[in-house]
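Worksheet: one structure, shown below.
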Amino acid sequence: MKKIMIAAVMLLGASTAFAGDSDALKAILKATDYAQAEGLVKSSLSQLANNEEKAKAYNKLVELAMKTYNVQKATMAANQTFEQLKQKDKVQPYDTVAFYNSALNALKAAVECDKYDAMPNEKGKVKLKFRDANKQSIWDARTMLVNAGQRAAQLRQNEDVLKYWGAFLDTEDSPLFTGISRDSQKAYFGQVALFTSEYADMLKNHELANKYIDLALKDDSVKAEATDMKLRYMQEGLSTRQDSVNCLKQLADFYAQNSNNEVAFNSLASFYSGLGMKTEMSKLISDKLAQAPNYFAAWRAKGLAELNANKYDDAIASFKKAIESRPKDALALTYLGFSLNAKAAGVNTIDEQKKIYTESLGYLQTAKEADPDRRSANWTYPLYQCYYALYGANDSRTKELEGELKR
């Protein structure tokens, strides 16, 4: 009896070891085009015997997608050669959409293939069968998605932009590409992330917009633009005070992680001011100045808070401290002009008033030179006040600015 039992166990083991592919997998492997194979994979994935079969099924999709990709790529390469040799009669038609879609399909299938390929088998061991064969060719196909997204952008196919560039960005950290250097894409990865975020925002997909802007924030070459966009996303759609409070928490968290980012500081300071949170505003400024005594944005924010509180001498001192580090900042110069003019209005003697207005005039003229189109600072009214006080209502300079005020 013992011998029979052993024989039975051996037979069972042999049956397991030499089991063939399931019928579902056989049908997938017999498919001759991508659409047919993809349909079979979607409909019969749960019928596949194990992770190994699932990896094989997705690898079949990789093979079919890459077949189309390579045919189109070869045609395009041959055409370039014919164009260079001025043999235009030999140029063959090719399908750009099929080329880019096959790159996308190959990438998605390869990532799924790698996912199942990396799962333990029945013995608990991982034996990668497809990664090495796939990763380089799929990396090249993935890179083509940058061009695919650019073409879609030129054609104003916004959803396709998000499809192609999104797939490119989403697979950056895929284990499939273990060992491949990312150096070649450093020059444009952050830019792609920035643009993709913009397209996601245009399509009202705020989750993806924030996802991709966070990727862009990691790239120093686009960090300034990415920060502006991130902060703008936080402040979109605010309609109630509670919305503002929620946004304020996001801003505070972002600033805590980016305390050297001036845009983040300014946004947080602006929110504190707008919500009347004077204690928090004061602490933000004092903490920053304790850390960096000459920090421009903190001195400018301090001056604005003092100006709003009618503490003109304090405001003047703070704005002067700000422009020590940035003498051409039009906004700080304009605020300084406002503060000086407000102080002058409270002075009783004409001579003392003119002295203060003359000082203000110098700063405001510098603001005008720095920002003639008033893109960041509207210096027009305080400069008009100076002209009126110093030269009179009928002076040509006063008249000219009076005309500007009426526009």
Any ring-ring contact (aromatic ring centres under 6.0 Å, His included) involving [range]? Give me the pairs, sequence neighbours left out, ordered by first then second residue.
{"range": "residues 286-321", "value": "Phe265-Tyr295, Phe319-Tyr335"}
{"range": "residues 126-169", "value": "Trp139-Phe177, Phe168-Phe189"}
{"range": "residues 346-377", "value": "none"}

Rounded distance [0.5 Å steps], [atom1] in [X] versus [atom2] in [Y]:
{"X": "Lys343", "Y": "Asn341", "atom1": "NZ", "atom2": "CG", "result": "12.0 Å"}
{"X": "Leu268", "Y": "Met234", "atom1": "CG", "atom2": "CE", "result": "10.0 Å"}
{"X": "Asp33", "Y": "Lys67", "atom1": "CG", "atom2": "NZ", "result": "9.5 Å"}
{"X": "Leu231", "Y": "Glu236", "atom1": "CG", "atom2": "CD", "result": "11.5 Å"}
{"X": "Lys321", "Y": "Asn294", "atom1": "NZ", "atom2": "CG", "result": "5.0 Å"}
{"X": "Glu63", "Y": "Leu61", "atom1": "CD", "atom2": "CG", "result": "9.5 Å"}

Checklist entry - Do Asn121 and Asn50 get their side chains close enough for a donor-acceptor pair, meaning under 3.5 Å? => result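 Not at all, the side chains of Asn121 and Asn50 share no donor-acceptor pair under 3.5 Å.
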
Checklist entry - Are Lys288 and Gln291 close enough that a side-chain donor and a side-chain acceptor fall under 3.5 Å? => result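 Yes, Gln291 and Lys288 have a side-chain donor paired with an acceptor closer than 3.5 Å.
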
On a heavy-atom basis, which atom in [X] and which in [Y] lie closest, and how many Å separate them?
{"X": "Ile28", "Y": "Lys60", "result": "O-CG, 3.7 Å"}
{"X": "Met281", "Y": "Ala301", "result": "CE-O, 4.1 Å"}
{"X": "Ala27", "Y": "Leu40", "result": "O-CD1, 3.6 Å"}
{"X": "Ala106", "Y": "Val62", "result": "O-CG2, 4.0 Å"}
{"X": "Gly392", "Y": "Thr398", "result": "O-OG1, 2.9 Å"}
{"X": "Phe338", "Y": "Pro382", "result": "CZ-CD, 3.8 Å"}

Item to check | Partners passing salt bridge (Lys or Arg N to Asp or Glu O under 4.0 Å) against Asp201 (at least two apart in sequence or in another chain) | outcome: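 Listed in chain order: Arg232.
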
Mind checking side-chain contact (heavy atoms from CB on, under 4.5 Å) for [X] and listing every partner two or more places apart, or none if nothing turns up?
{"X": "Lys30", "answer": "none"}
{"X": "Pro327", "answer": "none"}
{"X": "Thr240", "answer": "Gln242, Asp243"}
{"X": "Asp253", "answer": "Lys249"}

Checklist entry - Which one of Asn205, Asp170, Thr196 satisfies the side-chain hydrogen bond (donor to acceptor under 3.5 Å, both in side chains) criterion with Tyr212? => result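 It is Asp170; the other options fail the test.
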
Using a 3.5 Å distance criterion without hydrogens, assess whether the side chain of [X] forms a donor-acceptor pair with backbone atoms of [Y].
{"X": "Ser360", "Y": "Ile356", "answer": "no"}
{"X": "Asp160", "Y": "Ala152", "answer": "no"}
{"X": "Lys129", "Y": "Asp117", "answer": "no"}
{"X": "Lys302", "Y": "Ser286", "answer": "no"}
{"X": "Asn258", "Y": "Asn261", "answer": "no"}
{"X": "Glu262", "Y": "Ala297", "answer": "no"}

Taking side chain as C-beta onward, heavy atoms only, is [X] less than 4.5 Å from [Y]?
{"X": "Glu306", "Y": "Ile316", "value": "no"}
{"X": "Ser273", "Y": "Leu304", "value": "no"}
{"X": "Asn378", "Y": "Thr334", "value": "no"}
{"X": "Leu45", "Y": "Leu48", "value": "yes"}
{"X": "Phe99", "Y": "Asn147", "value": "no"}

Item to check | Residue pairs, two or more places apart or on separate chains, that pass salt bridge (Lys or Arg N to Asp or Glu O under 4.0 Å) and touch residues 99-116 | outcome: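 For residues 99-116, and leaving out neighbouring residues, the salt bridge (Lys or Arg N to Asp or Glu O under 4.0 Å) pairs sorted by first residue read Glu112-Lys115, Asp114-Arg131.
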
Checklist entry - Can you list every pair that meets salt bridge (Lys or Arg N to Asp or Glu O under 4.0 Å) and has a residue in residues 267-282, with sequence neighbours left out? => result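 Salt bridge (Lys or Arg N to Asp or Glu O under 4.0 Å) check on residues 267-282 returns no pairs.
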
Next on the checklist: Please determine whether a side-chain nitrogen of the Lys or Arg among Asp140 and Lys73 lies less than 4.0 Å from a carboxylate oxygen of the Asp or Glu.
Outcome noted: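 Here Asp140 does not pair with Lys73 in a salt bridge, since their nearest N and O are not under 4.0 Å apart.
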
Item to check | Qualifying residues under side-chain hydrogen bond (donor to acceptor under 3.5 Å, both in side chains), relative to Asn210, sequence neighbours excluded | outcome: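 Testing Asn210 for side-chain hydrogen bond (donor to acceptor under 3.5 Å, both in side chains), a comparison that skips the adjacent residues, returns Lys230.
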
Next on the checklist: Test of understanding: with side-chain hydrogen bond (donor to acceptor under 3.5 Å, both in side chains), list the residues that count as partners of Ser181, not counting sequence neighbours.
Outcome noted: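 side-chain hydrogen bond (donor to acceptor under 3.5 Å, both in side chains) check on Ser181 returns Asp183.
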
Next on the checklist: Name the residue from Arg142, Lys218, Lys186 that meets the salt bridge (charged side-chain N to carboxylate O under 4.0 Å, His left out) definition with Glu172.
Outcome noted: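 Answer after filtering Arg142, Lys218, Lys186: Arg142.
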
